[in-house]
Protein chains: 2
Amino acid sequence: MKIRDSWEGDAFDPECPTRVILDRVGDKWTVLIIEILDDSPKRFGEIRQAIGGITPKVLTSTLRSLVADGLVTRQSFGEVPPRVEYSLTDLGRSLQAPVTALRRWAERNVAELIDNRDRQAEIDDAQAR
Amino acid sequence: MKIRDSWEGDAFDPECPTRVILDRVGDKWTVLIIEILDDSPKRFGEIRQAIGGITPKVLTSTLRSLVADGLVTRQSFGEVPPRVEYSLTDLGRSLQAPVTALRRWAERNVAELIDNRDRQAEIDDAQAR
DNA sequence: CAGTATCCGTTCCGATACTG
DNA sequence: CAGTATCGGAACGGATACTG
């Protein structure tokens, strides 16, 4: 099937590629990177420092995916030592709004959710005995 | 926006708001279930039919997680044959807005993203030779 | 009808070490 | 500096068959 720019997905269709986007957003580091790239371009090392705890291998593969999807651009300056800058594309920037909305929701409600989860864990625990 | 400063330390924290919510939203079926439960309570089989392609085992475990997080309630009527209804809690309903925004972004932009991805694959392919 | 019980392949992602 | 190369554990989720 030839997918055109005018084609709209239907997330309820099991065959729908829309799910690739949900997979993307659900990726462990994607959203962090998108928020870090917010305004200005960032170098590989800057992103790595900003996130903390991500290994170069994983950062590389995550950035590759983002570039492949057209959410991020990679610019390599032919210098020694090497300098590479990553920045958001328009598409990537357009993803920020929904992602930020989600984060806001998280900040407001995560306490309650964690509370529920802990309480449920206790119930399950009591059930087990 | 001062996100990054407070973010850096939280990235390792499993209870970091963004992390918890994104894990949940990034789950393969969560978003679809939340949208399906929209208006009225739904039975196990109804949800299964509506989604299509989900196995009972996976649906069960996903629903369990949603119940544990207090996003969904499970009501079992003591009948034979059994009848069980799932519905959104207030917390679950409040998650709909941001999640729907995300899904709509996905549906609007998946074509471009897939297009980018295909084009990138061709470039990589050419590169390899 | 609404789940359980097993088995199992894939994918993700971290640790560690190395390189142009 | 900006990556690569390898290895391995663990979690996710699908296939299939069974049950109260």
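Everything numeric here is computed off the predicted structure, so don't read it as measured data. Letters A, B, ... are given to chains in the order of the sequence lines, protein chains preceding strands, and every chain is numbered from 1.
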Discussion item. So, does B:Arg43 get its side chain near the phosphate of C:dA2, meaning an N or O under 4.0 Å from OP1 or OP2?
Written reply: yes
Discussion item. A:Ile34 and side-chain contact (heavy atoms from CB on, under 4.5 Å): which single residue from A:Leu95, A:Val72, A:Val25 fits?
Written reply: A:Leu95
Worksheet item: Atom CG of A:Leu63 to atom P of D:dT4: distance rounded to whole Å?
Response: 11 Å
Discussion item. Whole angstroms only, please: what is the CD-P distance between B:Gln75 and C:dA2?
Written reply: 13 Å
Worksheet item: Expressed in angstrom and rounded to an integer, what is the separation of B:Phe44 atom CZ from D:dG20 atom P?
Response: 17 Å
Fill in: Nucleotide nearest A:Thr55 (side chain, heavy atoms from C-beta), chosen from C:dT4, D:dT4, C:dT16
C:dT16
Worksheet item: Among the nucleotides D:dG3, C:dT4, C:dG14, which one has an atom lying closest to any side-chain atom of A:Lys28?
Response: C:dG14
Discussion item. Can you identify which nucleotide, out of C:dA2, D:dT16, C:dA17, has its nearest atom closest to the A:Pro56 side chain?
Written reply: C:dA17
Worksheet item: Can you tell me how far C1' of D:dC12 sits from CZ of B:Arg24, to the nearest Å?
Response: 13 Å
Fill in: B:Leu59 CG - C:dA5 C1' separation (whole Å)
17 Å
Discussion item. Check this one for me: any side-chain N or O of A:Arg74 less than 4.0 Å away from OP1 or OP2 of D:dG3?
Written reply: yes
Discussion item. Let me confirm one number: the CZ-CD distance from B:Arg83 to B:Gln75, rounded to the nearest 0.5 Å.
Written reply: 8.0 Å
Discussion item. Taking pairing as Watson-Crick or G-U wobble with both contacts under 3.5 Å, can you name the mate of D:dG20, or confirm there isn't one?
Written reply: C:dC1
Item to complete: Please state how far atom CG in B:Asp23 lies from atom P in D:dC12, giving the value in whole angstrom units.
Response: 9 Å
Response to the item:
Rounded to whole Å, the NZ-C1' distance (A:Lys57 to C:dT19) equals 17 Å
Fill in: Residue met sooner reading DNA chain D from 5', once B:Ile54 and A:Pro81 are mapped to nucleotides
A:Pro81
Discussion item. Within this structure, what is the CG-CG distance for the pair A:Leu66 and A:Leu71, rounded to the nearest 0.5 Å?
Written reply: 6.0 Å
Practice prompt. Under a 3.5 Å limit for both distances, which nucleotide forms a Watson-Crick or G-U wobble pair with C:dG9, could you say?
Written response: D:dC12
Item to complete: Return no unless some side-chain N or O of B:Arg83 is found under 4.0 Å from OP1 or OP2 of C:dG3.
Response: no
Worksheet item: Which nucleotide sits closest to the side chain of B:Val84: C:dG3, C:dT4, D:dG3?
Response: C:dG3
Fill in: Nearest listed nucleotide, side chain of A:Pro82, among C:dT4, C:dG20, C:dG3
C:dG20
Worksheet item: Between B:Leu22 (CG) and C:dC13 (C1'), how many Å, whole number?
Response: 17 Å
Worksheet item: How is A:Arg48 classified with respect to the nucleic acid when contacts are heavy atoms under 4.0 Å: base, sugar-phosphate, or nothing?
Response: nothing
Discussion item. Which residue is it: B:Leu59, B:Leu32, B:Ile54? I am looking for the one with a side-chain contact (heavy atoms from CB on, under 4.5 Å) to B:Ile47.
Written reply: B:Leu59
Worksheet item: Going from OH on A:Tyr86 to OG on A:Ser40, what distance comes out if it is rounded to the nearest 0.5 angstrom?
Response: 15.5 Å
Worksheet item: Looking at OG1 of A:Thr100 and CD of A:Glu35, how far apart are the two atoms once the value is rounded to the nearest 0.5 Å?
Response: 4.5 Å
Discussion item. Regarding A:Tyr86, tell me which of base, sugar-phosphate or nothing describes its non-hydrogen contacts under 4.0 Å with the strands shown.
Written reply: sugar-phosphate
